[in-house]
Amino acid sequence: MLWIVVVLAVLAAATAFLSPGLRDRLLGRASPSPTPGPTEPVPGPTATPPTTPARGELLVHGTGDVNLDPNYIPNFQSHGYEYAWSGLDGLFRRDDLTIVNLECAVTTGGTKWEKEFNFRGDPAALPVAREAGVEVANLGNNHSMDYGPDGLLDTRANLQANDIAPVGAGRNVAEANAPALFEINGWRIAVVGFGGVVPWDAWLATESTPGMANGDDIASMVATVRAADAVADLVFVSIHWGVELDTTPRSEDVERAHAMIDAGADAIFGHHSHRLNPMDVYRGRPVFWGLGNFVWPNHSYEGSVTAVAEVRVTPSGRVTGKLLPAFIEDAGHPVLQ
């Protein structure tokens with residue numbers, strides 16, 4: 001079955017990012033010690049093997065839709081791309097990890113897909129986003145392939161060139177489901193992305209074609225989360241789901257969230273509805289149902305009300321979440337409240 005192939009491929013892709021030392025620790029390997037010859041002096045006490053670093057507190061932030069298209073947000077042409085982040089008082093630079101939903105293809109190439117809205121982000125906006133503190137971008141959404149498979153793959157390459165990890169889409173299903181892996185404050189962290197708003201089946205990654213990770217297939221999602229959980233202490237999920245303008249989650253999304261947390265997810269950052277939704281807690285893990293617009297035009301008051309999801313993890317592993325209120329005061333310019 002496809003999900004079995006996915007979990008094996010995801011495990012292989014995930015461990016490829018790990019250092020040999022970390023792979024050895026995960027697999028329980030130890031380097032053999034040389035045995036002294038019969039005429040050699042008896043060695044002194046052996047050195048204490050290195051210990052796992054003590055775990056510290058973690059601070060993680062997540063956002064809803066980020067659009068870096070200067071034609072859709074003309075303020076970038078007059079104020080620069082710093083305008084997208086200047087209302088946040090350096091919040092993302094002070095945390096340990098920031099995850100956004102990148103709601104556009106960031107490419108100068110590709111072929112425009114025939115659809116109602118096509119967003120082409122400017123690659124020049126990415127170093128500014130990284131400097132602002134963004135480390136992970138979810139591409140599992142209904143705009144990452146606005147300029148076709150070539151535009152999607154170019155977006156991934158542009159993100160990686162700016163030290164921003166892409167998740168949720170890739171050159172095949174294994175890469176689309178593969179986690180971004182980090183070691184921070186003694187924690188091994190995995191971030192995965194899914195697209196539950198699928199414009200066309202052709203947008204879904206297969207074993208041989210580019211696309212996004214399927215956020216509608218619970219079996220595949222559970223397999224991906226379990227694979228990430230097998231190589232990490234904490235798993236964070238960014239997922240595009242729901243229905244536009246909804247302010248509360250639908251039952252199918254509740255089912256998805258509970259299944260992913262049961263499989264090992266530690267926090268879920270949802271987006272797509274263009275409206276801020278509440279945060280819930282399931283089995284001690286926060287679920288942000290809909291983080292609304294973020295770097296987006298301020299078309300309406302309702303669409304401008306937004307928030308940043310904040311997750312704290314204590315050294316003992318307790319996970320808590322809250323919403324930090326924000327408002328899009330000007331197009332492309334969210335401001336913390």
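Quick caveat, the model's predicted, so the values are computed rather than measured.
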For this session: Apply the test side-chain contact (heavy atoms from CB on, under 4.5 Å) to residues L204 and V173: give CA-CA distance (whole Å), side-chain angles for both, the deciding distance (0.1 Å), then the verdict.
Result: CA-CA 8 Å; L204 291 174; V173 69; over 6 Å; no
Problem set entry | Contacts of type ring pair (Phe, Tyr, Trp, His ring centres under 6.0 Å), residue H143, not counting sequence neighbours | F119
Problem set entry | Under the ring pair (Phe, Tyr, Trp, His ring centres under 6.0 Å) test, residues paired with Y282 that sit two or more places apart | H258
Members besides [X] in its Ile/Leu/Val/Met/Phe/Trp/Tyr cluster (side-chain heavy atoms under 4.5 Å):
X: L245; value: none
X: F327; value: L276, Y301, V305
X: I218; value: V222

Taking the side chain as C-beta and beyond, is there a heavy-atom pair between [X] and [Y] under 4.5 Å?
X: V136; Y: V100; result: no
X: L159; Y: L102; result: yes
X: I184; Y: I189; result: yes
X: R275; Y: S300; result: yes
X: T206; Y: N172; result: no
X: V167; Y: P179; result: no

Exercise. Could you walk me through whether N67 and F76 pass the side-chain contact (heavy atoms from CB on, under 4.5 Å) check?
Worked result: CA-CA 11 Å; N67 193 309; F76 295 150; 6.0 Å; no
Output all residues satisfying salt bridge (charged side-chain N to carboxylate O under 4.0 Å, His left out) with [X], sequence neighbours left out; order by chain, then residue number.
X: R156; result: E175
X: D262; result: R283
X: E302; result: none
X: D89; result: none

What's the separation between atom [atom1] in [X] and atom [atom2] in [Y], rounded to the nearest 0.5 Å?
X: H61; Y: L291; atom1: NE2; atom2: CG; value: 11.5 Å
X: D122; Y: L68; atom1: CG; atom2: CG; value: 8.5 Å
X: L153; Y: R171; atom1: CG; atom2: CZ; value: 8.5 Å
X: N277; Y: H272; atom1: CG; atom2: NE2; value: 11.0 Å
X: M279; Y: I268; atom1: CE; atom2: CD1; value: 12.0 Å

For this session: Treating Ile, Leu, Val, Met, Phe, Trp and Tyr as nodes and any side-chain heavy-atom pair under 4.5 angstrom as an edge, say whether V235 and I239 lie in one connected cluster.
Result: yes
For this session: Consider only side-chain heavy atoms of I, L, V, M, F, W and Y, link residues closer than 4.5 Å, and tell whether V191 and F269 are in one cluster.
Result: yes
Could you report the tightest heavy-atom contact between [X] and [Y], atom names first, then the distance?
X: D96; Y: N185; result: OD1-ND2, 3.4 Å
X: L181; Y: A190; result: CD2-CB, 3.7 Å
X: P70; Y: Y81; result: CG-OH, 3.4 Å
X: P199; Y: N142; result: CG-CB, 3.6 Å
X: F294; Y: I328; result: O-CD1, 3.4 Å
X: E135; Y: F182; result: O-CZ, 4.4 Å

For this session: Determine, step by step, whether D154 and T107 satisfy the side-chain hydrogen bond (donor to acceptor under 3.5 Å, both in side chains) criterion, reporting the C-alpha distance in whole Å, the side-chain angles of both residues, the deciding distance to 0.1 Å, and the verdict.
Result: CA-CA 6 Å; D154 194 39; T107 179; 2.6 Å; yes
For this session: For A202, enumerate each residue passing the side-chain contact (heavy atoms from CB on, under 4.5 Å) test, keeping only those at least two apart in sequence or located in another chain.
Result: W113
For this session: List in chain and number order the residues that pass side-chain contact (heavy atoms from CB on, under 4.5 Å) with V319, two or more places apart in sequence or in another chain; answer none if no residue qualifies.
Result: R285, P286, V311, V313
Salt bridge flag under 4.0 Å for residues [X] and [Y]:
X: K112; Y: E114; value: no
X: D229; Y: R226; value: no
X: D146; Y: R120; value: no

Just by distance, do the side chain of [X] and the backbone of [Y] share a donor-acceptor pair under 3.5 Å?
X: E310; Y: L323; value: no
X: N162; Y: I164; value: no
X: N141; Y: H240; value: no
X: D280; Y: V287; value: no
X: T155; Y: V106; value: yes
X: W187; Y: G56; value: yes
X: N158; Y: P123; value: no
X: W85; Y: G90; value: no
X: S144; Y: L139; value: yes
X: D253; Y: G242; value: yes

Say whether [X] and [Y], considering side chains only, have a donor N or O and an acceptor N or O under 3.5 Å apart.
X: N118; Y: Y147; result: no
X: N177; Y: T224; result: yes
X: H271; Y: T63; result: no
X: N75; Y: D330; result: yes

Problem set entry | Verdict with supporting geometry, V198 and M212, side-chain contact (heavy atoms from CB on, under 4.5 Å) | CA-CA 9 Å; V198 183; M212 61 187 190; 3.6 Å; yes
Problem set entry | Pairs where residues 319-329 contributes a residue and the test side chain to side chain donor-acceptor pair (under 3.5 Å) is met, not counting sequence neighbours | none
Problem set entry | Centroid-centroid under 6.0 Å between H274 and W296 rings | yes
Exercise. Should L234 and L58 be marked as a side-chain contact (heavy atoms from CB on, under 4.5 Å) after you check the CA-CA gap, both sets of side-chain angles, and the distance that decides it?
Worked result: CA-CA 11 Å; L234 298 165; L58 281 176; 3.4 Å; yes
Exercise. How are the rings of W203 and W200 set to each other: parallel, tilted or perpendicular (split at 30° and 60°)?
Worked result: tilted
